[in-house]
Amino acid sequence: MGDYENFKSQIFQLTRIDLSCYKERQMKRRIDALIGKSGASTYNEYVEMLKKDAQRMAEFVTYLTINVSEFYRNPEQWKNLENEILPYLFERFGNDLKIWSAACSTGDEPYTLVMLLAKFIPLNRIKIIATDLDKQVLEKAQIGLYDEKSLKGLPKEFQQKYFTKIGSRSYQIHEDVKKCVEFRQHNLLKDPYITQCDLIVCRNVMIYFTEEAKRDIYHKFNESLKKDGMLFVGSTEQIISPGNYNFSSYRSFFYRKE
């Protein structure tokens, strides 16, 4: 294949994605498989293909950003958010919460947040900022069309209230929910972070980063939160020694800024 270190450097120049921040064995295996399918025999040859073909470049970025998402993933954690965390945040910060859904993928998570918040406040008072590195998944999120597998864990009350069935297996999320979410492209590894957040949700993406990258991101998340604000992480992403990042463990998978 050739020099992987040089390949990482070339990809950074082309995309501003720093592959050194991802776990190497896992990422290199994914990339080598993709290059094999493309017909290229070396890293340099593949880079030249990317430079000449915008669609291939978009597909490459989508392939790198692992988009596995579903509504209401790990239901018990969303119940904790509804029953304990949101009431705490409303009491501490009032009803106009500033919420950032980071690495939001196809929008399942920010839309779930909207539906939960709507149990407490009117939809026209809800605003979520949702970001992801991948333009293609952001476009899918803005369309808001999902297959039935994505909705399998979502409470029936939400399915019935906020979705319209399209055809035999697809569901369209309602426009009044979509209006509550502002989607933006954002790279957690290099772009400036959103500030003065009351709640940051970043789930099931940190597992792909190196320990060094994780430390940097947790520090930045802490700086992005108001004092007493909350970080909500994925079910395999509990923070070891949260005090190192000026967090305390509030509930499992929820961390409060000290």
Side-chain angles (χ1 to χ4, degrees), residues 8 11-12 15-31 61-78 80-81 85 98-113 128-134 137-138 141 153 183-195 197-225 229-258:
K8 290 195 292 186
I11 291 301
F12 182 73
T15 67
R16 311 309 292 172
I17 297 172
D18 187 356
L19 294 176
S20 296
C21 293
Y22 294 83
K23 292 177 180 175
E24 182 151 315
R25 187 188 305 173
Q26 187 178 21
M27 185 57 77
K28 186 173 182 297
R29 187 172 63 243
R30 286 174 59 83
I31 289 170
V61 173
T62 298
Y63 189 76
L64 288 187
T65 54
I66 300 118
N67 300 302
V68 179
S69 191
E70 63 188 58
F71 286 88
Y72 221 67
R73 191 173 183 181
N74 310 116
E76 69 286 349
Q77 294 169 26
W78 289 99
N80 285 339
L81 179 66
I85 305 303
K98 186 171 182 180
I99 299 175
W100 176 17
S101 175
C104 69
S105 188
T106 51
D108 315 39
E109 228 151 61
Y111 288 143
T112 300
L113 285 166
I128 311 283
I129 301 167
T131 65
D132 201 277
L133 174 65
D134 186 344
V137 298
L138 290 173
F183 290 100
R184 305 177 187 173
Q185 190 177 24
H186 181 270
N187 185 339
L188 284 170
L189 298 171
K190 75 172 189 71
D191 291 335
Y193 277 35
I194 296 162
T195 58
C197 297
D198 302 305
L199 171 67
I200 296 174
V201 179
C202 185
R203 305 176 73 235
N204 309 305
V205 70
M206 300 295 279
I207 52 174
Y208 301 109
F209 293 131
T210 63
E211 291 304 313
E212 184 180 3
K214 285 181 196 174
R215 286 194 294 270
D216 186 47
I217 291 169
Y218 286 139
H219 278 299
K220 288 179 178 177
F221 277 152
N222 187 270
E223 291 169 4
S224 292
L225 285 164
M230 226 35 108
L231 173 65
F232 178 19
V233 302
S235 59
T236 60
E237 298 173 323
Q238 285 181 293
I239 302 174
I240 306 302
S241 303
N244 291 343
Y245 311 102
N246 198 31
F247 283 114
S248 63
S249 181
Y250 189 81
R251 292 285 181 274
S252 293
F253 315 110
F254 292 93
Y255 297 89
R256 181 170 63 186
K257 176 173 178 173
E258 292 301 300

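Side chain of Tyr111 to backbone of Ala141: a donor-acceptor contact under 3.5 angstrom is found. In this structure, Glu237 contributes its side chain and Val205 its backbone to a donor-acceptor pair below 3.5 Å. No side-chain donor-acceptor contact under 3.5 Å links Lys257 to the backbone of Gly229. The backbone N or O of Asn246 sits nowhere less than 3.5 Å from a side-chain atom of Tyr255 that would complete a donor-acceptor pair. Side chain of Gln77 to backbone of Gly234: no donor-acceptor contact under 3.5 angstrom is found. Using a distance-only test at 3.5 Å, with no hydrogens or angles considered, a donor-acceptor pair links the side chain of Arg203 to the main chain of Arg73. Thr112 contributes no side-chain N or O that, together with a main-chain N or O of Phe71, makes up a donor-acceptor pair within less than 3.5 Å. Gln185 contributes a side-chain N or O that, together with a main-chain N or O of Leu133, makes up a donor-acceptor pair within less than 3.5 Å.
Counting only heavy atoms from C-beta outward, the side chains of Thr131 and Asp191 never approach each other to under 4.5 Å. Contact annotation: the side chain of Pro110 approaches that of Phe183 to within less than 4.5 Å [non-hydrogen atoms, C-beta and beyond].
We find the CD1-CD distance between Ile31 and Glu24 to be 9.0 Å, quoted to the nearest 0.5 Å. Going from atom OG1 of Thr195 over to atom CG of Leu225 covers 10.5 Å, rounded to the nearest 0.5 Å. The CD1 atom of Ile85 lies 4.5 Å from the CE atom of Met230; values are rounded to the nearest 0.5 Å. A distance of 8.5 Å separates SG in Cys104 from CD in Glu109, rounded to the nearest 0.5 Å. In this structure, the separation between OH on Tyr193 and NE2 on His186 is 6.0 Å, given to the nearest 0.5 Å. If you take CZ on Phe221 and CD1 on Ile200, they are separated by 5.5 Å, rounding to the nearest 0.5 Å.
Shown here for Tyr72 and Gly153, the closest heavy-atom pair between the two residues is CD2-O, 3.5 Å. Residue Ala102 comes nearest to Leu188 through the heavy atom pair CB-CD2, 4.3 Å, listed as atom of the first residue, atom of the second, then distance. Here the shortest heavy-atom pairing between Ile240 and Tyr245 reads O-CE1, 4.1 Å. Closest approach of Asp134 to Val137, counting heavy atoms only: O-CG2, 3.2 Å.
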Could you check Leu189 against Ile217 for side-chain contact (heavy atoms from CB on, under 4.5 Å), going step by step and ending with a plain yes or no?
CA-CA 7 Å; Leu189 298 171; Ile217 291 169; 4.0 Å; yes
Residue pair Met206, Val233: steps toward the side-chain contact (heavy atoms from CB on, under 4.5 Å) verdict:
CA-CA 9 Å; Met206 300 295 279; Val233 302; over 6 Å; no
Begin with the C-alpha distance, continue with both residues' side-chain angles, and end with the deciding distance and a verdict on side-chain contact (heavy atoms from CB on, under 4.5 Å) for Val201 and Leu81.
CA-CA 11 Å; Val201 179; Leu81 179 66; 5.7 Å; no
What verdict does the side-chain contact (heavy atoms from CB on, under 4.5 Å) test give for Glu258 and Arg256, after you've listed the backbone C-alpha separation in whole Å, the side-chain angles of each residue and the deciding distance to 0.1 Å?
CA-CA 6 Å; Glu258 292 301 300; Arg256 181 170 63 186; 3.8 Å; yes
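Using a 4.0 Å cut-off between charged side-chain N and carboxylate O, Glu211 and Lys214 make a salt bridge.
Environment of CD in Glu212: sparse, with no more than 12 heavy atoms of neighbouring residues, nucleotides or ligands closer than 6.0 Å.
When each of Trp78, Trp100, Phe253, Phe247 is tested with Phe232 by the rule ring-ring contact (aromatic ring centres under 6.0 Å, His included), just one qualifies, namely Trp78.
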